[in-house]
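This one's a predicted model, so the numbers in the text were calculated from it and none came from an experiment.
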Amino acid sequence: MEYRRMGDTGMRISSVSLGAWITYGGSVEDDTAEQCIRTALDNGINFIDVADVYARGKAEEVVGKAIKEYQRSDIVLSSKVFWPMSDNVNDTGLSRKHIMESVHKSLKRLDTDYLDMYFCHRYDPETPVEEVVRAMDDLVHQGKVLYWGTSVWSAAQLESAVGVARRHNCYTPKVEQPRYNMLDRHIEAEIVPVAAKHGIGIVVWSPLAQGVLSGKYSAGIPSGTRGASGGQLTESIKEELTPENLQRLNKLAGVAAELGVTMSQLALAWCLRLPAISSVITGASRPEQVLDNIKASEVVLSEEVQNRLEEILADAPGK
């Protein structure tokens, strides 16, 4: 496993990490979820990403139970705050009240004393950035959070948060979690350079485009897969399966076969070609998927291969 610094901090995280979105506490049985988490930790992954809103807190409970047999200091654990967790008018957003109350609930569900990372899960236009920054700064001073960060914030919003933090001598955000993959490259233009400018690490979600880049949906959505579960996930996958993307997937499959790697490993290694990417957050519903994804940390793409991939992806959305 390769370990990368998170931005300009001294903390190192596994280049391939494990996330609980959609899976743990929901579509994946708890016993299987725990097997996936243990497989990850036993094979070099040290970063586990979760959020309070995943399965309405159940994902945090599953992760908290699974990591109890491990030494807490060996694990980099994150959670997030923003989305509504109840009908209470204040149980949403990034107000100081919601941040403070949410972190306590997350810590209780995870059965831990602190979070290594705590993300503002979206930007909150109704709460002043100064209120958000000061609340996160207080959590760091209290030892409940070691580093705070953002998720799906724009470059301008990141600049604003860093500027406010520096003006008030507060801890600045040290990690951003955007969506990034071969079919969605929007962060390359602004997010990557702004993050590098301020020493902010980038940990990306959906590096396999919700499984599309694994190749399993290239001939349609087979039964038994997460994509066949219905709802928003199924619709999102269908939106990715455009004729243009299917052509790209076919070409990518050819490159992967030549290299002797899986489509998933190729897609993850492609994300990791950027030094700015600290980690790719992968999902897994079976331990075998965890092991397959971990191997991506060992895949090195030559300049010639990267150029070939660039030709295939040059007109992908967000480029």
Looking at Phe119, does the NZ or CZ of Lys80 lie under 6.0 angstrom from its six-membered ring centre and within 45 degrees of the ring axis? yes
Report yes if some heavy atom in the side chain of Gln289 is under 4.5 Å from a heavy atom in the side chain of Thr282; otherwise report no. no
- Query: Is the gap between the ring centers of Phe82 and His98 under 6.0 Å?
  - Reply: no
- prompt: For the residue pair Trp153 and Trp148, does the interplanar ring angle fall in the parallel (under 30°), tilted (30 to 60°) or perpendicular (over 60°) class?
  reply: perpendicular
*Report yes if some heavy atom in the side chain of Leu110 is under 4.5 Å from a heavy atom in the side chain of Val50; otherwise report no.*
yes
Check your understanding: Can Arg72 and Thr112 be counted as having a side-chain donor-acceptor contact under 3.5 angstrom?
Key -> yes
Check Arg308 with Glu258, please: is the shortest side-chain N to carboxylate O separation under 4.0 Å? yes
Is there side-chain contact between His141 and Tyr171, with at least one heavy-atom pair below 4.5 Å? yes
Checking Asn293, Leu208, Asn181, Leu268 against Val280 for side-chain contact (heavy atoms from CB on, under 4.5 Å), the one that qualifies is Leu268
message = Taking the basic N atoms (NZ, or NE/NH1/NH2) and the acidic carboxylate oxygens, is any pair closer than 4.0 Å for Arg4 and Glu2?
response = yes
Test side-chain contact (heavy atoms from CB on, under 4.5 Å), reference Glu176, set Ile200, Ile187, Val192, output is Ile200
Exercise. Taking atom types as modelled, is there a side-chain donor on Glu34 or Tyr24 under 3.5 Å from an acceptor on the other?
Worked result: no
Practice task
Return yes if a side-chain donor-acceptor contact under 3.5 Å exists between His121 and Gln177, otherwise no.
Solution key: no
**OP:** Answer yes or no: is there a side-chain heavy-atom contact under 4.5 Å between Ile48 and Leu41?
**Re:** yes
